[in-house]
Structures are given as C-alpha cells and as structure tokens.
Amino acid sequence: MEKKPLPELDRICAAFAVEGRWVTSCPIPSGHINDTYCSEFEDAGRRVKYVNQRINHLVFREPEKLMENIERVTRFAREQILAAGGDPDRETLNIVPTRDGKSFHRTPEGTYWRMFRYIDGAQTYDQVEDLRHVYSASKAFGNFQKMLARMPGERLHETIPDFHHTRKRYEAFLAALEHNPVNRAAAVKPEVAFVQARAKDAGEVVDGLAAGRIPERVTHNDTKLNNVMIDDRTGRGVCVIDLDTVMPGSVLYDFGDSVRLGAATAIEDERDLAKVGFDLGLFDRLAAGYLDAARDFLVPAETDLLAFSAKLLTLECGIRFLTDHLKGDVYFKIHREGHNLDRARTQFKMVAEMESQMGAMDAVVKKYL
Ligand code: GN1
Ligand code: MG
C-alpha cells in the first residue's frame, strides 16, 4: 500500500522514438497490475500525448512474449481497419517503438516499459453512465473476437498460463486457505463457505474446452467495460485496449467477465453491500451488443453457457480476490486494508443475485440469438 515514488518518465520516454520535447507525465490510476502514465510532448508547437506503461513482470513473467502477442494483434488489427476504411490511429492501440526498433524498453534496473499513442476524443468509464455505452462496449468485444478469429499464424503465447482455468483458481484458493500464511482464514468463514458450496461450477467451461466440446479461440480475457474506449462524439466503442491477456481461450471467458462489471449496480470495491447487485437490464444490453457482433460465429456449446458464464467468471474473480486476501495481498494492488476482501464480497453478492435470476438471464440470451 506504500506510495511508490514517481518514476523518471522523461528518462523512460527518451528511449522511445518520439518526435518533439518531453513536457510532463502524470499517473493514470487505473488497473490492478501495471502502472500507467500519460506523457505530453511538444512537437512543432503542438502538444501530443502518449501512454506509458510499466509492465508488471512478476505477473507477466515473459514480457517479451507478451509484447510479441500485442505486436501481432495490433499489426493485424491495423490491416483489417484499413481494409474496412476505418481509422487505424484510433481504432486500435498503436505501439510506439523504442529508438532501436523494439516494442518495449528494459531499464538497467530491470523494469519493462512500453509506450502507446494516446487516443483523443474518447474515454473509458469505470461505472455505467449511459446504457448505450454498455451495448457499444459489449459489441466492441464481440467484434474484437470476430477479427481475431481471422488472424493467421501460430497460436498466440499464453501470457499467463491457465489464466481462466477456474478449477485451478479454486485449487489455489484451497491451498491458500490451508496454508493461511497471514492468519486471515478464521475471519472469512462465510466467504469461504460461499466458494466451497460452488466447487462443482469450476469445471464447467474448462472441461468443455479440454474435451473439445467448446472451441478454443483467441480471446481478450479481461473484458471489463473500462477496457473499451468510448468515442465522445458518437458514443460508440472505438477501441479495445489492455491487450496483455489476449491469448487462446473461450468466448465464455470474455462474455462472462464483461458481465461482472458491466451489469453491476456498484463499483468493484463498494463497501456498502446494499448498493451492490446484478442488474438484468444491463445484462440485456450486454447480451444484445455482444450477440449483434458474435451471433454468426458462435456454436450452441457456447451460446448455451453464455448466461452461466457470467456467474462463473464473477465467481472466479471473487475467488481470486479472496485468495489474494488470504495470501496477504501479493497480487492485486490494494489501496486500503481489506481491499481484496471487499472486492471478493461484491463479486459474491453479484453471483448470488445471478443465481436467483439465471432463468431470466437465459431468456435474455435466447431473445438475441
Ligand atoms: C486485473 O489490472 P487490471 O485491472 O487490468 C486482472 C483481471 C481482473 C481485474 C479485476 C492480469 O486487471 O484479471 O479481472 O484485475 N488482470 C490480471 O478488476 O490479473
Ligand atoms: Mg487488465
């Protein structure tokens, strides 16, 4: 929780092939893993913005491979956008290379940095402000999957192996509970019981994938609503961002994870659980947007589980937060005591509400198929 000193962004920026003079940098305080900053340059009397990110290489163990994935995905996206007559400077992330032509810079201290062009005239929303944004963001994720399905070449690297392997997440939780390294297990008995009662859910998607019933595809794997930039003028989803976990997976990971935040009535770490819940109206917009993009390529083994995936991925994320709480907050950044436990509780409240509305959720999916 201790405040990190601001890195020397001017020195970091100097490694990248940017025109003009560095003026200033400031933190963008979002994300639980990487550190993100916005830098401004002055070039021929114009101010130009960039995004700097320090890649958390304790989480992403092989930053080289991660950046190889992002290079491939953004290069392919650029071609597709150009072919469709779109604007590749706004509709995909654009990597700024280093002065020696690499996609990232490793400092002498061993930290990893990358730089993207800043997308003007668009923003992300941590919480729903406009129902149309929900539809648009969900459609953007569907279109992103559709585009990636056409990407030629080798299988992408798994930047975090078994990232959405819910059963392994559950086993990691059991191990943390058993080892109880910071003595927090006794204080979270209701949450532990909640998770254990749902152990059998954990295998549903991963077993389908392993058996070949559910197709493996290229997926985003971190489909929070705020990972789509919404155009200020049109309200449309203009660009899918945060490509760190783009890798082989199931579409169910993406749709399910988008519901976790997209259909929530409160922010992820809300302490007042009375405010936290699952909103079927928001779910309706998510399903409509996603299926307007994806209905043509999905198979029944996928569509049958769309509603369930929302519950599964929300449960999985809650399990990950609770596990990290039990381990002493070693993975997700926290900003207050008990932060991961607060996050786990909101997820479990959402899961409980989804369970009681699963029939209605299935009906929504059917309506848009
Ligand atoms: C992390 O750092 P951020 O906010 O993009 C996590 C996601 C979780 C999310 C929970 C690599 O994403 O899987 O769903 O926190 N990313 C990683 O808010 O673990
Ligand atoms: Mg992320």
Side-chain angles (χ1 to χ4, degrees), residues 69-94 119 122 132-156 158-159 163-164 205 208-209 213-231 234-259 262 283-307 309-310 313 364-369:
N69 277 2
I70 298 185
E71 274 183 86
R72 269 184 68 193
V73 168
T74 54
R75 200 183 312 125
F76 181 69
R78 196 175 179 85
E79 289 166 19
Q80 299 294 302
I81 294 161
L82 278 171
D87 177 356
D89 291 339
R90 296 191 80 228
E91 294 169 32
T92 171
L93 285 178
N94 284 277
I119 298 172
R132 284 170 304 180
H133 295 169
V134 180
Y135 173 88
S136 302
S138 193
K139 191 170 180 181
F141 282 128
N143 280 325
F144 187 74
Q145 289 177 345
K146 198 166 170 172
M147 174 197 69
L148 290 175
R150 298 191 299 264
M151 190 170 73
E154 281 168 39
R155 196 169 181 265
L156 288 173
E158 286 188 49
T159 57
F163 189 57
H164 283 306
V205 173
L209 272 169
R213 277 197 307 279
I214 297 174
E216 180 185 280
R217 301 181 187 271
V218 182
T219 49
H220 182 280
N221 296 306
D222 189 6
T223 48
K224 299 198 268 202
L225 229 52
N226 59 7
N227 277 336
V228 177
M229 310 260 331
I230 303 288
D231 190 289
T234 64
R236 295 236 174 90
V238 62
C239 181
V240 171
I241 60 170
D242 190 357
L243 307 179
D244 292 328
T245 49
V246 175
M247 59 180 153
S250 160
V251 293
L252 295 164
Y253 299 158
D254 280 4
F255 181 73
D257 198 47
S258 76
V259 179
F283 180 78
D284 182 288
R285 296 294 77 212
L286 286 165
Y290 178 68
L291 287 172
D292 276 351
R295 95 170 42 82
D296 298 344
F297 68 82
L298 299 178
V299 299
E302 294 169 320
T303 53
D304 286 351
L305 288 176
L306 281 175
S309 75
L313 272 287
V364 167
V365 169
K366 288 223 170 66
K367 177 170 75 170
Y368 292 115
L369 272 179

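What you are looking at is a predicted structure, and each value in this text was computed from that prediction instead of being measured.
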Q: Would you mind telling me which of N69, N227, D257, N221 makes a side chain to side chain contact (heavy atoms under 4.5 Å, CB included) with T245?
A: N221

Q) Looking at CG of L291 and NZ of K366, how far apart are the two atoms once the value is rounded to the nearest 0.5 Å? A) 12.0 Å

Q) How many angstroms lie between atom CZ of R217 and atom CG of L148, to the nearest 0.5 angstrom? A) 11.5 Å

(Q) Between L243 and H220, is there a side-chain heavy-atom distance shorter than 4.5 Å? (A) yes

(Q) Less than 4.5 Å apart, side chain to side chain, heavy atoms only: is that true for F144 and T223? (A) no

Q | Backbone of P152 reached by a side-chain donor or acceptor of R72 within 3.5 Å | A | yes

Q | K139 side chain reached by N143 side chain, heavy atoms, under 4.5 Å | A | yes

Q: Check the pair R78, D87 against salt bridge (charged side-chain N to carboxylate O under 4.0 Å, His left out), reporting the backbone distance first and the verdict last.
A: CA-CA 9 Å; R78 196 175 179 85; D87 177 356; over 6 Å; no

Q: Check the side chains of Y290 and D254 for a donor-acceptor pair under 3.5 angstrom, ignoring hydrogens and angles.
A: no

Q: Could you tell me which non-hydrogen atom of P215 sits nearest to which non-hydrogen atom of V299, and how far apart they are?
A: CD-CG2, 3.9 Å

(Q) What's the separation between atom CZ in R285 and atom CZ in R132, rounded to the nearest 0.5 Å? (A) 11.5 Å

Q. Between atom OG of S250 and atom CG of L209, what is the distance when rounded to the nearest 0.5 Å?
A. 5.0 Å

Q) Side-chain contact, heavy-atom cut-off 4.5 Å: V251 with L298? A) yes

Q) Any idea which heavy atoms bring G235 and S136 closest together, and the distance? A) O-OG, 3.2 Å

Q) NE2 of H133 to CG of N226: how many Å apart, nearest 0.5 Å? A) 13.5 Å

Q) Which atom names give the shortest non-hydrogen contact between R295 and L369, and what distance separates them? A) NE-C, 3.7 Å

**Q.** N94 (side chain) donor-acceptor with T92 (main chain) under 3.5 angstrom
**A.** yes

Q) Are any non-hydrogen side-chain atoms of I214 and L305 less than 4.5 angstrom apart? A) yes

Q: Looking only at non-hydrogen atoms, find the nearest pair between V228 and I241 and report the distance.
A: N-CG1, 4.4 Å

Q: Answer with yes or no whether the side chains of D284 and Y368 bring together a donor and an acceptor at under 3.5 Å.
A: yes

Q: Report yes if the side chains of I70 and D244 come closer than 4.5 Å at any heavy-atom pair, otherwise no.
A: yes

Q: Evaluate the side-chain contact (heavy atoms from CB on, under 4.5 Å) criterion for residues D242 and K224: first the C-alpha distance (whole Å), next the side-chain angles of each, then the deciding distance (0.1 Å), finally the verdict.
A: CA-CA 10 Å; D242 190 357; K224 299 198 268 202; 5.5 Å; no

**Q.** Donor-acceptor pair, side chain of K146 and main chain of A293, under 3.5 angstrom
**A.** yes

Q: Please answer whether the main-chain N or O of S258 pairs with a side-chain N or O of S138 as donor and acceptor at a distance below 3.5 Å.
A: no

Q. Quick one: does M151's side chain get under 4.5 Å of V73's, heavy atoms only?
A. yes

Q. Which distance, rounded to the nearest 0.5 Å, do you find between the CE of M229 and the CG of L93?
A. 9.0 Å

Q: Might you point out which heavy atoms bring F283 and A307 nearest each other, and give the distance in Å?
A: CZ-CA, 4.3 Å

Q.
So V259 and L313, do their side chains get closer than 4.5 Å, heavy atoms only?
A. no

Q: Work out which heavy atom in V238 is nearest to a heavy atom in A122; give both atom names and the distance.
A: CG1-CB, 3.8 Å

